[in-house]
Amino acid sequence: MTTTAPDPDSQQLPPQYTPADVEGPLYERWVERGYFTADVDSDKPPFTIVIPPPNVTGSLHMGHAFEHTLMDALVRRKRMQGYEALWLPGMDHAGIATQNVVERELAIGDISRHDLGREAFVDKVWQWKGESGGRILGQMRRLGDSVDWTRERFTMDEGLSRAVVTIFKRLYDDGLIYRAERIINWCPRCHTAISDIEVEHSDDEGELVSLRYGDGADEIVVATTRVETMLGDTGVAVHPDDERYRHLVGRQIELPLTGRLIPVVADEHVDPEFGTGAVKVTPAHDPNDFAIGQRHGLQNLSIMDEAAAITAPGPFEGLDRFEARTAVTEALRGLGRVVAEKRPYVHSVGHCSRCKTVVEPRLSLQWFVAVAPLAKAAGDAVRDGRVKINPREMEPRWFGWVDNMHDWTISRQLWWGHRIPVWYGPDGEVRVVGADEEPPTGEGWAQDPDVLDTWFSSGLWPFSTLGWPDRTRDLERFYPTSVLVTGYDILFFWVARMMMFGIYAMPEPPFPVVALHGMVRDSRGKKMSKSFGNVIDPLDWIDKYGADALRFALARGANPGSDVPMAEEWVEGARNFTNKLWNATRFALLSGATVEGDLPPADRLSYADRWILSRLATVVAEVDRAFDGDPADPSAEGFEFGEVARTLYGFAWNEVCDWYIEVSKLPINAGGPEADATRRVLGHVFDVLLRLLHPLVPFVTERLWTALTRRESVVVADWPAPDAAARDEQAERDMGRLQELVTEVRRFRSEQQIKPGVRLPAVLVPDAGSAAAELERHVPQVAALARLADLRVGDGVPDGWQEVVVAGTRVALDLSGTVDVRAERARLRKAIELATAEESSVAAKLANPSFAERAPAPVVEKTRTRQSEARAEIDRLTALLDALPAQ
RNA sequence: GGGCGUGUAGCUCAGCGGAAGAGCACCCGGUUUACACCCGGGUGGUCGCAGGUUCGAACCCUGCCGCGCCCACCA
């Protein structure tokens, strides 16, 4: 008997896994050893992911933990697969969001940014960035993110700022950036322009008021939800074909309260069916009206300032827009001009995505990107397959947006951000100053005070972080990135910008595939957000259950593009799983499992050994398929992290632990050459299983794998290769048979309420379908797992013994008076009922002539087998029932 | 108004043309020497509704109903 001395490492594994003891030191060790640092000089193929940069202001929430888990899993697996893996970390300066946060801080001390002045304020924000950013980096370490810390970037770094200026100038020179006076979305609280996508629409209750303009024959009724804007009306529009108003077109009518005369114009845009078919036109405060005004040469009359207070001279001057709405309505009512007020009137109202203030459309001079050609290129990249969106169902969204995009307002009236690289001269000159150019000096020259939209710099992220506009070696080697992992909520905010800029500047698209994930929701399906108060700091759960548990729980719920429910129970379950892995590996170590030497040849292995190796081979293939998809099957698109997690969980727990470990105890306890073979298989199974799990649960697998193999680190171990030769159908059938036998006997015991400790004498009785020799194979295993005594293969059921029928085989048990006859009779009757129902349903199917003709032969064959099995089952059960003692 | 998705066990979700699944919850039984963060057994579903295609439908088609999300210059 060859007993391997207990592994010294195993002595260090206590019966419970305590994540807090191992996670921190392991992470530091990984970083020190440089595992996460990508080598630009290696000859490995590159695999690159740039992190969606979190806002410096915040801290990472559950959505980040989720996203990072997915990215880390991809990166760790590729690293194991022999790629030069680069996961580039960094943060976003998040212009408006950060500025708001710092302003709010200042407001506590009753200070405004204007009190500080621009320079001091920006210094303050940098200071804030330093404090806040550190927190985020700490969180990433706790999560186990295998990012390359030597390449950390920030959107306001010098290099990235150069990229911003460079692309600005190129776009300007190409005529794709221009400055114009347009109607833009204005946030009266943030005092800045915002882009279309920074406006959130919600159905708000307002009131629709009908107003009478003009007098007598000139009278015309218009309707509005924003009464105060009438102060800025410079026309009324009707449809050209509208008979009702034809006589008025071209006439001037009087605008109430102001006494101004405004023209009636005919415009196709007006829907004659809607309301009265006449529209008041306020070109300076409504995008539609602005367009109408442009077409008919109407005056643009601004009536509000940047805080949305009325500037039109008169009694309303200085009133806030909402005060003015009431005041103007009152005044008009006094003049008898209010025809009708309809309330409530629900209509879509735009809000600032940052502060929820109602957005005011406002005419103002801003910088824009002419997106048409860029957006077209971004659309084409997906259309022609250079970029895939995963899951594919998201593509219509992409096209719908990219094909209908409005020009992008990029200037912001803020202080925190990339300052617009444009100088204005004393005589109205405009000079865009590139990265390597000197700004003009001299009397009257001044730089544009505004900064750029924060998405302008994040749009450059996949290449600015690698050194662009310089042609660095990193850029050459790691661009384009390999995949973009992000939430579907920022498909347009961010992904579209990166696509447009990447194709424009590089010109390869920045990634060949966009893997979209869903939002993390709480157990009731609510989106986690501050306003709902259901936000959980990932660190709380990491402290309590370990980073691996959190990661595994998140991964387990991840189905491409769909939202992930999250509740503490899920994490608890995942923690239990890490503990299960811990103890299972601990068992392997205590049993002397080894990874040294070749696996024994198949003929020296038990069927259980061959079975687990066969299953393992299948699992390796399934995991690869879930990660990578299947080129032959368009429905398998890959990125199925949930599938990976569920496959491995089920395999590890229900197959390795529940069956293989239990069966392996027999040879191991018995010793001998069979024990050596099983120890080697056990070692192999855990070696491979831990490597497969490492991308999802890096810490516990590292601790266990190094203990098991005594090798350096699973981080740099090879990813398991599929092993088709290990597939063994016969072993799977044998094991299936064993499981059936054991499960049926256990169920019988449980139903008979036989104590688990009682070892029943039993006999396996072969029948036509199962030879004695075949049954012999299972005797020791069945005896051990089903807790039977003196088990043997016999040729009949001894008198007075009960029997359990397992698909063709009888197991006779000596209950010696422990039988509950009534319970047994009920059990048999129920079983007969079920078998009879099965038999008749199958018979009906076979009796159907078209089934025999049309169904494939194997299906028919299978159905026939089912029928004969069902008949045999009924006969056998009936005989058993008859054999039961009368009472 | 357009687009996309979704409705399967009490809960959260897999399955997407050939005998209804998992995790959690629940019930029963367990000091089985890796693990009670465990082990064994069990209850629970006309797969939203109504039609259709098919030998066969949770799965394909049509229509309805419910829910969710995205887009939209509905005065």
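Sequence lines set the chain letters: A, B, ... in the order given, protein chains first and strands last, and positions in each chain run from 1. Predicted model, so just to flag it, every value in this text is computed and none were measured.
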* Asked: What does A:Ile183 touch in the nucleic acid at a heavy-atom separation under 4.0 angstrom: a base, only the sugar-phosphate, or nothing?
  -> nothing
* Is A:Glu662 touching bases, backbone alone, or none of the nucleic acid, heavy atoms closer than 4.0 Å? -> base
* To do: Would you mind reporting whether A:Phe748 and A:Gln752 have side-chain heavy atoms less than 4.5 Å apart?
  => yes
* Asked: With a 4.5 Å limit on heavy-atom distance, are the side chains of A:Val514 and A:Asn390 in contact?
  -> no
* Asked: Using a cut-off of 4.0 Å on non-hydrogen atoms, how would the nucleic acid contact of A:Thr743 be classed: base, sugar-phosphate, or nothing?
  -> sugar-phosphate
* To do: Identify the nucleotide, in any strand shown, that forms a Watson-Crick or G-U wobble pair with B:C60, with both distances under 3.5 Å; if there is none, say none.
  => B:G52
* Structure fact -> Contacts of A:Ala223 and A:Tyr649 projected onto RNA chain B by closest heavy atom; the upstream (5') one is A:Tyr649
* Rounded distance in Å between the C1' positions of B:A22 and B:C67 -> 24 Å
* Interatomic distance at C1', B:C55 relative to B:G48, whole Å -> 27 Å
* To do: Give a yes or no on whether the ring-centroid distance for A:Phe66 and A:His517 is below 6.0 angstrom.
  => yes
* Whole-Å C1' distance, B:A20 and B:C13 -> 15 Å
* Which part of the nucleic acid, if any, lies within reach of A:Gln16 when heavy atoms closer than 4.0 Å are counted: base, sugar-phosphate only, or nothing? -> base
* Asked: Base, sugar-phosphate alone, or nothing: which one does A:Pro856 contact when heavy atoms must sit under 4.0 Å apart?
  -> base
* Asked: Quick one: on RNA chain B, does A:Lys280 or A:Val859 contact a more 5' nucleotide (nearest heavy atom)?
  -> A:Val859
* **B:A19 base / A:Arg866 side chain donor-acceptor hit below 3.5 Å** => yes
* Partners of A:Phe651 by ring pair (Phe, Tyr, Trp, His ring centres under 6.0 Å), sequence neighbours excluded? -> none
* To do: Describe the nucleic acid contact of A:Gln753 in one word from base, sugar-phosphate, nothing, applying a heavy-atom distance below 4.0 Å.
  => nothing
* Asked: Of all the nucleotides listed (B:G42, B:C13, B:C55), which has the minimum atom distance to the side chain of A:Asn559?
  -> B:C13
* To do: Would you mind classifying the nucleic acid contact of A:Arg556 as base, sugar-phosphate or nothing, using non-hydrogen atoms under 4.0 angstrom?
  => sugar-phosphate
* Asked: With a 4.0 Å cut-off, would you call A:Glu360 and A:Arg226 a salt bridge?
  -> yes
* Asked: What is the nucleic acid contact for A:Lys544, judged by heavy atoms within less than 4.0 Å: base, sugar-phosphate only, or nothing?
  -> nothing
* Across the strands shown, which category fits A:Val270 at heavy-atom distances under 4.0 angstrom: base, sugar-phosphate, nothing? -> base
* Which part of the nucleic acid does A:Trp653 contact within heavy-atom distance under 4.0 Å: base, sugar-phosphate only, or nothing? -> sugar-phosphate
* Pick the P atom in B:U53 and in B:U46, then give their distance to the nearest Å. => 26 Å
* Could you check whether A:Thr225 gets within reach of a base, just the sugar-phosphate, or nothing at all, counting any heavy atom under 4.0 Å? => sugar-phosphate
* Asked: Taking atom C1' in both B:A9 and B:G45, what distance in whole Å separates the two?
  -> 5 Å
* Write down the distance separating the C1' atoms in B:G1 and B:C47, rounded off to the nearest Å. => 33 Å
* Asked: With rounding to whole Å, what would you report as the distance between B:U8 and B:C60 at their P atoms?
  -> 15 Å
* Check every strand shown and say whether A:Arg397 touches a base, only sugar-phosphate, or nothing at a heavy-atom separation below 4.0 Å. => base
* **Shortest non-hydrogen contact from A:Ile183 toward A:Pro283** => CD1-O, 3.1 Å
* Structure fact -> Taking a pair to mean Watson-Crick or G-U wobble geometry with both distances below 3.5 Å, B:G40 pairs with B:C28
* Asked: P atom, B:C16 versus B:A72: distance in rounded Å?
  -> 35 Å
* **Sugar-phosphate, base or nothing in reach of A:Ala278, heavy atoms under 4.0 Å** => base
* Give one of base, sugar-phosphate or nothing for A:Asn404, where a contact means two heavy atoms less than 4.0 Å apart. => nothing
